[in-house]
Amino acid sequence: MVKIDMENGYYLFKLDDLLNADNISKNRLMKDTNTDYKVLQRIISGEVTRMDVTVFARLCDYFDCTLEDIVEYIPKEH
């Protein structure tokens with residue numbers, strides 16, 4: 001899990017946890033979801049600059065999960 005701090009909260013990127021839990025390699029995920037390796041690596045590392053809803057939909061379908069199982073935003077408490 002990778003935590004990326006933002007001005008008003010933080011993001012948790014959890015794709016690596018899903019891969020490890022299901023014992024799936026990045027290469028297999030890339031092939032099975034027809035997703036570029038660099039795109040997957042950016043999601044895993046939290047270096048996402050734009051969220052491609054098509055890619056996230058493919059990942060959610062593949063893992064039979066929701067978007068929050070892959071990336072979650074936690075706002076700061078006021």
Side-chain angles (χ1 to χ4, degrees):
M1 185 176 320
V2 175
K3 179 181 176 184
I4 304 295
D5 289 313
M6 304 300 286
E7 183 177 333
N8 294 315
Y10 59 91
Y11 281 97
L12 294 175
F13 288 87
K14 309 176 202 177
L15 183 56
D16 204 36
D17 294 342
L18 290 173
L19 289 169
N20 291 332
D22 291 346
N23 198 27
I24 297 171
S25 71
K26 294 174 196 172
N27 284 328
R28 179 174 162 203
L29 181 62
M30 175 188 72
K31 291 175 185 173
D32 289 351
T33 62
N34 194 31
T35 303
D36 186 75
Y37 186 85
K38 291 178 185 178
V39 171
L40 293 175
Q41 190 57 43
R42 282 193 294 267
I43 295 170
I44 290 168
S45 66
E47 297 175 4
V48 175
T49 55
R50 290 181 294 159
M51 296 182 73
D52 184 334
V53 294
T54 304
V55 170
F56 282 98
R58 271 191 248 140
L59 294 173
C60 288
D61 287 344
Y62 185 78
F63 287 104
D64 190 26
C65 68
T66 66
L67 182 57
E68 285 187 340
D69 294 321
I70 299 171
V71 61
E72 183 177 2
Y73 179 71
I74 312 291
K76 286 184 182 176
E77 294 182 22
H78 297 282

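Numbers here are sequence positions counted from 1.
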Visitor: Only one of Val55, Val48, Asp52 clears side-chain contact (heavy atoms from CB on, under 4.5 Å) with Val39; which?
Guide: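 That would be Val55; it is the only one of Val55, Val48, Asp52 passing the side-chain contact (heavy atoms from CB on, under 4.5 Å) with Val39.
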
Visitor: Output the distance between atom NZ (Lys38) and atom CD (Glu47), rounded to the nearest 0.5 Å.
Guide: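 The distance works out to 12.5 Å.
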
Visitor: Using 0.5 Å steps for rounding, measure from the CD atom of Gln41 to the OG1 atom of Thr35.
Guide: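 Going from CD on Gln41 over to OG1 on Thr35, the span is 13.5 Å.
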
Visitor: Once you round to the nearest 0.5 Å, how far does OH of Tyr62 lie from CG of Leu18?
Guide: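 Tyr62 OH to Leu18 CG: 11.0 Å, rounded to 0.5 Å.
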
Visitor: Could you measure the distance from the NZ atom of Lys31 to the CG atom of Leu29? Nearest 0.5 Å is fine.
Guide: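 Lys31 NZ to Leu29 CG: 12.0 Å, rounded to 0.5 Å.
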
Visitor: In terms of hydrophobic clustering (I, L, V, M, F, W, Y; side-chain heavy atoms under 4.5 Å; direct or indirect links), are Phe13 and Tyr10 co-clustered?
Guide: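 Each belongs to a different hydrophobic cluster.
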
Visitor: Could you name each residue pair satisfying salt bridge (charged side-chain N to carboxylate O under 4.0 Å, His left out) that touches residues 12-21, not counting sequence neighbours?
Guide: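 The answer is Lys14-Glu72.
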
Visitor: Could you pull out the closest heavy-atom pair between Val2 and Ser45, with the gap in Å?
Guide: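 What the structure gives for the nearest pair is CG1-O, 3.5 Å.
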
Visitor: Applying side chain to side chain contact (heavy atoms under 4.5 Å, CB included), name anything that partners Asp61, two or more places apart in sequence or on another chain.
Guide: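 Residues passing side chain to side chain contact (heavy atoms under 4.5 Å, CB included) with Asp61: none at all.
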
Visitor: Measure the spacing between CD of Glu68 and CG of Leu12 and express it to the nearest 0.5 Å.
Guide: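 Reported value, rounded in 0.5 Å steps: 10.5 Å.
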
Visitor: For Tyr73, what residues pass the ring pair (Phe, Tyr, Trp, His ring centres under 6.0 Å) criterion, not counting sequence neighbours?
Guide: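 Ring pair (Phe, Tyr, Trp, His ring centres under 6.0 Å) check on Tyr73 returns Tyr11.
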
Visitor: Is it the case that atom CG in Asp64 sees more than 12 heavy atoms from other parts of the structure closer than 6.0 Å?
Guide: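 Atom CG in Asp64 is not packed in, count stays at 12 or less.
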
Visitor: Can you hop from Met6 to Ile74 via hydrophobic side chains spaced under 4.5 Å?
Guide: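 No: no chain of side-chain contacts under 4.5 Å links Met6 to Ile74.
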
Visitor: Grab the two heavy atoms, one from Ile44 and one from Lys26, that are nearest each other, plus how far apart they are.
Guide: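 Reported closest heavy-atom pair: CD1-CE, 3.8 Å.
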
Visitor: Run the numbers on Ile70 and Phe56 for side-chain contact (heavy atoms from CB on, under 4.5 Å), then give the verdict.
Guide: CA-CA 8 Å; Ile70 299 171; Phe56 282 98; 3.8 Å; yes

Visitor: Rounded to the nearest 0.5 Å, what's the gap from CE on Met51 to CD1 on Ile43? Could you check?
Guide: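 With rounding to 0.5 Å, CE (Met51) is 8.0 Å from CD1 (Ile43).
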
Visitor: Looking only at non-hydrogen atoms, find the nearest pair between Thr66 and Cys60 and report the distance.
Guide: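 Result for this residue pair: C-SG, 3.5 Å.
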
